[in-house]
Every structure is written in structure tokens, then in C-alpha cells.
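Here the structure is laid out as C-alpha cells; the discussion comes afterwards.
Being a predicted model, the structure only gives us computed values, none of them experimental.
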Amino acid sequence: MEAHVDTPLFNLLAVFYEIDLYPTWVPRQAVSNVLKREGRYRAYSYYAWDMPFPFTNRDATCMWTTPVKQTTKFFFIYTFTVYGYGIDM
């Protein structure tokens with residue numbers, strides 16, 4: 001996914017950083033918890049979604065990282081699904 005957002009970088013990253021608040025603004029997001037943080041721009045998180053019938057609910061444990069370069073106006077968010085990655089669940 002790619003998007004252009006006309007806002008300061010810090011404000012945009014603050015939205016992504018507040019993982020525990022995702023259920024307040026992401027449709028069907030039932031659970032969103034930080035399991036472990038490694039610095040300011042890397043975290044392991046658990047997500048769960050309440051899906052409508054006839055689909056079953058979904059969940060995932062993910063690692064995300066955001067390599068930020070203050071000198072540019074661009075940044076990327078990399079997200080990977082992980083299992084067991086040294087995290088007690």
C-alpha cells in the first residue's frame with residue numbers, strides 16, 4: 001500500500017506508535033497489544049479482528065519496523081508475521 005499524507009512526520013508516526021489504540025479507529029479491530037518494543041521504531045504486536053459471517057475471526061502476531069530518515073520526507077513501515085519469535089504469548 002502507498003499513500004501521500006500531508007502532515008508532519010512526527011504526527012504520522014505517533015498514530016502508528018499507539019498500537020493499543022488501533023481498535024478505536026481500525027474497522028473490525030478487536031484487539032491490538034504491544035508484546036515487546038525494541039527501541040522507538042520496532043515492536044512485536046498481537047492483533048485480532050472480529051470478522052462478519054461467514055468468515056472466521058482472524059489474529060496475527062507481527063513485527064513491524066520503521067527505518068526513519070529525518071532528512072527526507074519519506075518513510076516505510078515494514079510488517080512481518082512472526083510465530084514464537086522469543087515472545088511469550
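No side-chain heavy atom of Trp49 sits under 4.5 Å from any side-chain heavy atom of Asn57. Side-chain contact check for Met51 versus Arg58: some heavy-atom pair is nearer than 4.5 Å. Here the side chains of Pro52 and Arg28 are in contact, with some heavy-atom distance below 4.5 Å. Contact annotation: the side chain of Tyr44 approaches that of Glu38 to within less than 4.5 Å [non-hydrogen atoms, C-beta and beyond]. At a threshold of 4.5 Å between non-hydrogen side-chain atoms, the residues Thr61 and Thr81 do not count as touching. Contact check for Arg42 versus Trp64: no side-chain heavy atoms found under the 4.5 Å cut-off.
Taking the six-membered ring where tryptophan is involved, the planes of Tyr22 and Trp25 are perpendicular, since the angle between them exceeds 60° and thus also 30°.
Criterion: ILVMFWY side-chain heavy atoms under 4.5 Å apart, direct or through other members. Under it, Tyr47 and Val34 are part of a common hydrophobic cluster.
Remark: the backbone N or O of Asp20 is not paired with any side-chain donor or acceptor of Glu18 at under 3.5 angstrom. Between the side chain of Asp50 and the backbone N or O of Ala30 there is no donor-acceptor pair closer than 3.5 Å.
Nearest heavy atoms, Ile19 versus Ala43: CD1-CB, 4.3 Å.
At a cut-off of 3.5 Å, with distance as the only test, a side-chain donor of Asp59 or Tyr46 sits close to an acceptor on the other residue.
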